[in-house]
Asker: 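Following this message is one structure expressed as structure tokens.
The first residue of the sequence shown is numbered 1, and numbering continues consecutively from there. Just so you know, these numbers use all the heavy atoms, side chains as well, and skip hydrogens, waters and symmetry mates.
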Amino acid sequence: MQAIPSHSARRSLFEHYVKTRAEEERKEKRAAQKAAIEGFKQLLDEASEDIDHDTNYQTFKRKWGSDPRFEALDRKDRELLLNERVLLLKRAAEEKARAIRAAAASSFKSMLKEKGDINVNSRWSRVKDSLRDDPRYKCVKHEDREVLFNEYISELKAIEEKAERKDKVKKEEEEKLKERERELRKRKEREEQEMERVRLKVRRKEAVASFQALLVETIKDPQASWTESKPKLEKDPQGRAANPDLDSSDMEKLFREHIKMLFERCVNDFRALLAEVITQDAAAQETEGGKTALNSWSTAKRLLKPDPRYNKMPRKEREALWRRYAEDMLRKQKSALDQEEEKHTDVKGRSSGGDFGRYSSGTRRTHERR
């Protein structure tokens, strides 16, 4: 006490001793516990022949309870370690039993398969009597036999369904292939038809151009008829009127279009002739009888006849075209005269209006001077 005079120092040393001793005791206790556990595990290993998957604590205690290694461990820990060992054995036994059952089930299904006449429509009640003498039948428990049979039937159905699905997929693929082939054939046919259509179109276009050239070379008269002209066209040495790509109706149509074109050309030429010959000056000239080129077709005819364009125009159309031209020209003359008179009237009116304005302004100035 006198060596450590300070109370606080003595207290600190004491607390350190207590803490250190407590730690040592815990270590000793843990070491003892560990030793007891190891000892009990050794006991379990030595007693392995007496332990199986059905062993319980009381059974083990009756035989090995007097062993010091048994007493060295608390009951809770003893039961826990024993149960762990029993659980491992139980799992191994269950796995072995499952393997035995699986082997028996596999052998049972092999037996069913070897039977040969069992299919998805078979019934257990009708099949089982024929299997009783087979050892593989007897290896399976009574209550499991029908279950395994039904499983086998389900497997057969699954195999059939798989085969049906496979066959269905195969058929669908074959149908798709056929459909693709049909589409390819149709596409090829469409392409060939389009090519043929283009070829026919080109040949027809060439035939039309060729026949039109023949018409230009052969038919000059706008009054020609198809009936009279057809034999003449058929004599063409190049055979342009006998082209297989043009039928008779096509050629007649082209002929009529050509005649229409000739007629329109003659009409245009004749109108040009009228405009060139029957001018304002020519129209103003009167004969002794008071006739002019605008009111007398015979007078106009004498002026027009010398020009080749007159004879090219069909006779029955000449007078009608002249009459329309004359009427148009007279209408223009009248319009010009009307405009001239109206202009003259406007000028006269403006002149009168100017005088009146001058008079009014003079009057205003006189009034203002007054």
Asker: Between D67 (side chain only) and R69 (backbone N and O only), is there a donor and an acceptor less than 3.5 Å apart?
Answerer: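 Answer holds: yes.
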Asker: Give a yes or no on whether a salt bridge exists between E15 and R11, defined as a side-chain N under 4.0 angstrom from a carboxylate O.
Answerer: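 A salt bridge links E15 with R11.
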Asker: My understanding is that only residues two or more places apart in sequence, or in another chain, count here; which of them pass side chain to side chain donor-acceptor pair (under 3.5 Å) with R26?
Answerer: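 Only E23 meet the side chain to side chain donor-acceptor pair (under 3.5 Å) criterion with R26.
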Asker: Salt bridge check, D328 against R331: does any charged N sit closer than 4.0 Å to a carboxylate O?
Answerer: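 The answer is yes: the pair qualifies as a salt bridge.
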Asker: Which heavy atom of L330 sits nearest to which heavy atom of L294, and what is that distance?
Answerer: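 L330 and L294 have their closest heavy atoms at CD2-CD1, 3.8 Å.
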Asker: Which heavy-atom pair separates L254 from L215 by the least distance, and what is that distance?
Answerer: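 That closest heavy-atom pairing would be O-CD1, 3.6 Å.
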Asker: How about T59 and N56: does a side-chain donor come under 3.5 Å of a side-chain acceptor?
Answerer: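 Checked: T59/N56 side chains pair up, N/O donor to acceptor below 3.5 Å.
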Asker: Would you give the length of the straight line joining atom OG of S225 to atom CZ of R256, rounded to the nearest 0.5 angstrom?
Answerer: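 Answer rounded to 0.5 Å: 8.5 Å.
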Asker: Are any non-hydrogen side-chain atoms of Y57 and R75 less than 4.5 angstrom apart?
Answerer: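 Yes; the side chains approach each other to less than 4.5 Å.
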Asker: Quick check: are there more than 12 heavy atoms from other residues, nucleotides or ligands sitting under 6.0 Å from NZ of K220?
Answerer: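 Yes, enclosed.
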Asker: Can you find a pair of side-chain heavy atoms, one from I219 and one from L214, that are under 4.5 Å apart?
Answerer: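 In short, these two side chains do not touch, never coming nearer than 4.5 Å.
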Asker: For the residue pair D77 and Q33, confirm or rule out a side-chain donor-acceptor distance under 3.5 Å.
Answerer: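 Present: a donor and an acceptor within the cut-off.
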Asker: Could you state the interatomic distance from CG (L82) to CG (L73), rounded to the nearest 0.5 Å?
Answerer: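 Those atoms lie 11.5 Å apart.
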Asker: Using a 6.0 Å cut-off, check whether atom CZ of R91 has over 12 heavy atoms from anything other than its own residue.
Answerer: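 Not more than 12 within 6.0 Å, no.
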Asker: Output, in order, the C-alpha distance, side-chain angles, deciding distance and verdict of side chain to side chain contact (heavy atoms under 4.5 Å, CB included) for E217 and R240.
Answerer: CA-CA 12 Å; E217 295 169 12; R240 289 173 287 181; 2.9 Å; yes
Asker: Quick one, F149 and I118 - any side-chain contact, counting heavy atoms below 4.5 Å?
Answerer: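 F149 reaches I118 side chain to side chain.
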Asker: Identify the heavy atoms of L274 and Y325 that sit nearest to each other, and give their distance.
Answerer: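 That would be O-OH, 3.4 Å.
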Asker: Return yes if a side-chain donor-acceptor contact under 3.5 Å exists between D281 and T279, otherwise no.
Answerer: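 Note: D281 and T279 side chains miss the donor-acceptor criterion.
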Asker: Between R78 and F70, is NZ or CZ placed under 6.0 angstrom from the six-membered ring centre and within 45° of the ring axis?
Answerer: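 Pair R78/F70 counts as cation-pi.
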Asker: What is the distance from atom CZ of R123 to atom CD of E146, rounded to the nearest 0.5 Å?
Answerer: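 Going from CZ on R123 over to CD on E146, the span is 11.0 Å.
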Asker: Pair F255, K230 - check side chain to side chain contact (heavy atoms under 4.5 Å, CB included), show working.
Answerer: CA-CA 9 Å; F255 171 82; K230 186 177 179 184; over 6 Å; no
Asker: Can a salt bridge be assigned to the pair D54 and K90 using a cut-off of 4.0 Å between side-chain N and carboxylate O?
Answerer: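 Looking at K90 together with D54, the answer is no, because their closest N to O distance does not fall below 4.0 Å.
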Asker: Among all residues two or more places apart in sequence or in another chain, which pass the salt bridge (Lys or Arg N to Asp or Glu O under 4.0 Å) test with E179?
Answerer: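 Here the qualifying residues are R182.
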Asker: Below 4.5 Å, heavy atoms only, C-beta onward: do E84 and L80 meet side chain to side chain?
Answerer: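 Side-chain contact under 4.5 Å: yes.
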Asker: How close do D245 and A207 get, counting heavy atoms only, and between which atoms?
Answerer: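 Heavy-atom minimum between the residues: CB-CB, 4.2 Å.
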Asker: I need the minimum non-hydrogen distance between F60 and T55, along with the two atoms involved.
Answerer: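 Distance-wise, the nearest heavy atoms are CB-CG2, 4.3 Å.
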Asker: For M313 and L321, work out which heavy atoms get closest and say how close.
Answerer: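 Of all heavy-atom pairs spanning M313 and L321, the closest is CE-CD1, 3.5 Å.
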Asker: Could you list the donor-acceptor pairs under 3.5 angstrom formed by side chains in residues 163-172, with sequence neighbours left out?
Answerer:
unit_1 : atom_1 : unit_2 : atom_2 : d
D167   : OD2    : K171   : NZ     : 3.4

Asker: Group every Ile, Leu, Val, Met, Phe, Trp and Tyr by side-chain heavy-atom contacts under 4.5 Å, then state whether L156 and W124 land in the same group.
Answerer: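 L156 and W124: one cluster.
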Asker: Could you measure the distance from the CD atom of Q223 to the CZ atom of R315? Nearest 0.5 Å is fine.
Answerer: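 Between Q223 CD and R315 CZ, I get 9.0 Å after rounding to 0.5 Å.
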Asker: Should R145 and L148 be marked as a side chain to side chain contact (heavy atoms under 4.5 Å, CB included) after you check the CA-CA gap, both sets of side-chain angles, and the distance that decides it?
Answerer: CA-CA 5 Å; R145 291 169 188 160; L148 290 173; over 6 Å; no
Asker: Could you list all the side chain to side chain donor-acceptor pair (under 3.5 Å) pairs where at least one residue sits in residues 264-278, not counting sequence neighbours?
Answerer: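 Non-adjacent pairs meeting side chain to side chain donor-acceptor pair (under 3.5 Å): E276-R309.
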Asker: Determine yes or no for a side-chain-to-main-chain donor-acceptor pair under 3.5 angstrom, with S12 supplying the side chain and S8 the backbone.
Answerer: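 Such a contact is absent between S12 side chain and S8 backbone.
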Asker: Evaluate the criterion salt bridge (Lys or Arg N to Asp or Glu O under 4.0 Å) for residue pair D250 and R204; output intermediate values, then yes/no.
Answerer: CA-CA 10 Å; D250 292 328; R204 177 177 172 78; 3.0 Å; yes
Asker: Do we see a donor-acceptor contact under 3.5 Å between the side chains of Q280 and Q333?
Answerer: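 The answer is yes; a qualifying pair exists.
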Asker: Quick one: which residue pairs count as a side chain to side chain donor-acceptor pair (under 3.5 Å) with a foot in residues 295-306, not counting sequence neighbours?
Answerer: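 For residues 295-306: T292-N295, S296-S298, S296-T299.
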Asker: In terms of side-chain geometry, is the basic nitrogen of R190 or E194 positioned less than 4.0 Å from the acidic oxygen of its partner?
Answerer: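 No, no charged N to carboxylate O under 4.0 Å.
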Asker: In the single-linkage hydrophobic clustering (I, L, V, M, F, W, Y; side-chain heavy atoms under 4.5 Å), do L233 and V216 co-cluster?
Answerer: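 In one cluster: no.
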Asker: Roughly how far, to the nearest 0.5 Å, is the NZ atom of K63 from the CG atom of D50?
Answerer: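 D50 atom CG to K63 atom NZ measures 3.0 Å (nearest 0.5 Å).
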Asker: In Å, rounded to the nearest 0.5 Å, how long is the span from CE of M251 to CZ of F211?
Answerer: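 Taking CE in M251 and CZ in F211, the distance rounds to 5.5 Å.
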Asker: A side-chain contact here means heavy atoms from C-beta on lying under 4.5 Å apart; do E257 and K260 qualify?
Answerer: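 When only atoms from C-beta onward are counted, K260 and E257 do not touch, as no gap falls below 4.5 Å.
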Asker: Pair W64, L44 - check side chain to side chain contact (heavy atoms under 4.5 Å, CB included), show working.
Answerer: CA-CA 9 Å; W64 297 94; L44 292 175; over 6 Å; no
Asker: For R132, look at atom CZ and say whether over 12 heavy atoms of other residues, nucleotides or ligands are found less than 6.0 Å away.
Answerer: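 Yes, enclosed.
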Asker: Is there a side-chain contact between E317 and F270 in this structure, where contact means two heavy atoms from C-beta onward sitting under 4.5 Å apart?
Answerer: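 A side-chain contact under 4.5 Å is absent here.
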Asker: With distance as the sole test, does S210 use its side chain to make a donor-acceptor pair with the main-chain N or O of E206 at under 3.5 Å?
Answerer: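 Checking the backbone N and O of E206 against the side chain of S210, no donor-acceptor pair under 3.5 Å is found.
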Asker: Tell me whether I153 is reachable from Y137 by hopping between hydrophobic residues (I, L, V, M, F, W, Y) whose side-chain heavy atoms are closer than 4.5 Å.
Answerer: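 Y137 and I153: one cluster.
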Asker: Is there a side-chain contact between L200 and R203, using heavy atoms and a 4.5 Å cut-off?
Answerer: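 L200 reaches R203 side chain to side chain.
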Asker: Inspect the surroundings of CZ in R187 and state if more than 12 heavy atoms from other residues, nucleotides or ligands are less than 6.0 Å away.
Answerer: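 No.
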Asker: Show me, pair by pair, the donor-acceptor contacts under 3.5 angstrom made by side chains of residues 107-116, not counting sequence neighbours?
Answerer:
unit_1 : atom_1 : unit_2 : atom_2 : d
S107   : OG     : A103   : O      : 2.9
K109   : NZ     : E151   : OE1    : 3.2
K109   : NZ     : E155   : OE2    : 2.8
S110   : OG     : S106   : O      : 2.9
E114   : OE1    : R136   : NH1    : 3.2
E114   : OE1    : R136   : NH2    : 3.0
E114   : OE2    : R136   : NH1    : 3.2
K115   : NZ     : D117   : OD1    : 3.4
K115   : NZ     : D117   : OD2    : 3.4

Asker: May I ask you to test the M329-K332 pair for a side-chain heavy-atom distance under 4.5 Å?
Answerer: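 A side-chain contact is absent here, since even the closest heavy-atom pair is not under 4.5 Å.
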Asker: Would you call E196-R199 a salt bridge at under 4.0 Å N-O?
Answerer: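 Judged by the 4.0 Å cut-off on N to carboxylate O distance, E196 and R199 do form a salt bridge.
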Asker: Is a salt bridge present between K41 and D45, judged by a nitrogen-to-oxygen distance below 4.0 Å?
Answerer: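 Looking at K41 and D45, the cut-off is not met.
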